[in-house]
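Worth saying up front: this structure is predicted, and the values here are computed from it rather than measured. Hydrogens, waters and symmetry mates are skipped; everything else that's a heavy atom, side chains included, is used. Just so it is clear: chains get the letters A, B, ... in the order the sequence lines come, proteins before strands, and each one is counted from 1.
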Amino acid sequence: MVEKILTVKNLTMRFGGLTAIDNFSWDLHENEILGIIGPNGAGKTTVFNVISGLYTPTSGDIRFKGTTINGYPPHKIAKMGIKRTFQQSRLFDNISVLDNVLIGMATISENIFINTLFRRDLLQKELASNINEAMQLMQHFSQVLVENPYRRAGDLVPGERRKLEICRALASNPDILLLDEPAAGMDPNESSELMDDIMRVKSLRKGIGIVLIEHDMVVVQKTADYIVVLSYGKEIARGTFNEVSSNSTVQEAYLGSELENA
Amino acid sequence: MNPIKMNDSTTNRTLNRIITPILLIVVVASVYLVVVYENVITTIAGLLLGVGVFFGYSRYPKLKESVNDGIKKDKVYLIITGLILAFIIPLTTRTQPYIIHILIIAEISIILALGLNFQVGSTGIPNLGYAAFYGVGAYASALLSTKFGMSFWVSLLAAGFIAAFFGWLVGLPTLRTRSYHMALVSIAFGLVTYIMLNNLVFTGGPNGIKNIPAPEIFGWSLFSTIRLFGNSFPVQINFYYFVLLFLVLMLAIAFFVYNSKIGLFWNAVREDEIAAKCSGINTAKLKLLSFAMGAFLAGIAGSLYAHYIGYISPENFNFNTSLQVLGMVIMGGLDNIVGVSIGAFILSVAPEKFRSLADFRMLATGLIILLMLMFRSSGIIRQQIREYKKSHFRTELANKDEGNG
C-alpha cells in the first residue's frame, strides 16, 4: 500500500471578506505527482503558501506524515521535509550557484555554531562532502550549473534559474516538493526539458511526493498522476488528466460558458 | 578530470607571485607616507601613489587577474607579512606618539566596522544606531572598573556581553520591520541611548566618566613606559600592540563566521528573506544573532576605547559616530572583511591627517566619500563570491551516472 505523506483536509483560507481557498481537501502519496490546475486567481499559489507556512490557514488541517503542521513557522516546515519553489524564481542572486545549493544543504546540518570557531576540521569535512553532493545533484540537471559553480546566481538565464531552484530545494533531501508554475514563461523546448527534470526528480529521490501547480497543460498531462482543479478557491473536479479535461465544469471554468452556445 | 575551471591556466604564475608583493609594498609605502609624515608633499605623494595603484588595478584586467591569483596562492605569506608590518611600523614612529594614537583609533574603528558589517553587509539590515552599542560597551566597562573596582578583563568581557544583550534587544523589532522602517527604529535607539547617557546620574551626565584605569596584564599597567636597549617607548605603543591583539582576534572571528554556515545563512536572509525561510532557515534567530554579534564587537571596541583614552562622554557615541562607522562599511565594501577594514582605516585616519585644514577637515572627508561613491559605488573591494578549496572538489563526479544512491 502506498503511504500518504501529506493530507490536506477541509482547508479554508480567508483574507478579510475574500475566501481564497474554500474547504479544499486532497492527499498526496509517496512517489506521486499531483497537479493542481485552475484559471488565474483560483487560489493555487495560496495553497502552497499555506502548506509552506507563510500563511496560517483560517481553518482546516494539514498533516505531514501524521503530524499536524498548520501554524508551524515556514523554516520548521521546510526542515521537516517540505520544500518549494516559487512562481517568480527566488534565488539568492548575489551569491554563487554553488552557495545557493549549499544553503539548502546546510539547513539540515548537525554542526552547531561553536564548531565554527573551534572545530574547523569537522566543518571542512562536512563542507567537502556537501560540495561533492551539490555538484552531483547539479550534474543531474544542468551542465551549465556544474561548469560554473562560482557564477552569480543572478546572472543565470531563466531556464537555469529554474533548475537551480529545484536543486536548492532538493539539496536537503525533502519528502515533498512543491513546484509553483515551473514552466511559466518557457518556450516548448524548455518546458519539455522541464518535464524531463520533474521525472528526474522522481527517479532521483525515491518516494518523493511532488505537487505541481501549472498552466502549461502539456506539462501537466505528461507528468501529473492525478489532478485537482480549483476555481475561485473551490474544487470543481478531480481525476486523471483525461477525466478532468473532458469534464464540462472544467471547460466552462477555463473557457467561459459561451462555449456551449458556439 | 576536474571540470571546474579555475583561472590559473592562462596567466604566468611566477610573474603573478612577483607582481603581488611589489604592489603591496607600494601600497604600504603610500600608506606610510600619508600616515607617518606631517608634511603636505609626502601626504600628496602618498595619496597619488595609492590612488595610482588602485586605478591601475581596476583598469587593467590582466594586472587585476595576476594580483588576485597571487593573493589566492600566497595567502599565508601575505598574512604573515601583514602581521610583521603591523608589528614594525609603530616602532619606526616611536618618537611621534600622536601617530601611534591615530593608529590605535584606526584599530578600534576596524573592530567597530567589522561588527557593523555583520548587520549591514552580511545580513542586509540597515543599522543607523550602531554607536549606541559602542557607547553601551564603553560605559559598561568604565562603570564596572571605576565604580565597582572590577579588573579590566572582567569589565571587557562584561562590556561585550552587555552590548550583545542590547543588540539582541534592538534586534527584536527588526523581526517585524524592514528597510526604511528598520533604519528609523535604529536611529531612534541610537538617540534614546545618547539621551539616556546624557541624563542619567550614574553615567555622569554630560561630563561622562573620568579616570578610567588602564588595563593591567598580570599586575603590569599598560600606562608604564617600556625601556629597552636604552630606548624608551611611548605608552601609546603598549596600547597599540594590546589593541592589535584584539583586532587580530576579531578579524579571525569575522573570517570564520563569514566562511561558516552562519555567514552563508546571513547572506540568504539578505538576498531573499522569504526564500530563506522556505529553505529552512530560522531567519528570526539569524537576524538576532547578527545584531548580538555585531554589538558584541562594538562592546569590545567601546571597552578598549574607554580604557585607552581614560575618559568618555556621551559625545563620543552620538549619531555622527553611527554614520561614520556606516560610511566605513559602505566605502570599504559591504560584506567584504578586507574591504571594510581598509575603509575603516582610511576614514579614521583621514580626518586626523586633514587637521591642518582646520574647519574644512570634515568637508575633505566628505569629499573622499563622495568621490569614492561616484567612481566605485560598490566599495573599495566589492563583495566577493565565496570560493572553496580546490581539494573539496576532488572526488566529485567520479560516479557521474549513478550518483543517486
Highest number of heavy-atom pairs under 4.5 Å with chain B among L102(A), L91(A), I77(A) belongs to L102(A)
Ranking P74(A), G104(A), P174(A) by heavy-atom pairs under 4.5 Å to chain B gives rank one to P74(A)
Residue [X] versus chain B: region with a heavy atom under 4.5 Å:
X       : answer
S96(A)  : both
L98(A)  : side chain
I103(A) : both

With the threshold set at 4.0 Å, does a side-chain nitrogen-carboxylate oxygen contact exist between [X] and [Y]?
X       : Y       : answer
K163(A) : E193(A) : yes
D93(A)  : R152(A) : no
K287(B) : E273(B) : yes

Are any side-chain N or O atoms of Y150(A) and backbone N or O atoms of Y388(B), one a donor and one an acceptor, separated by less than 3.5 Å? yes
Geometric cation-pi criterion R386(B) and Y258(B), 6.0 Å radius, 45° cone: yes
Report the option among N267(B), D335(B), I274(B) that has the most heavy-atom pairs separated by less than 4.5 Å from atoms of chain A. I274(B)
Tell me, side chain or backbone of I385(B) under 4.5 Å from chain A's heavy atoms, or both, or neither? side chain
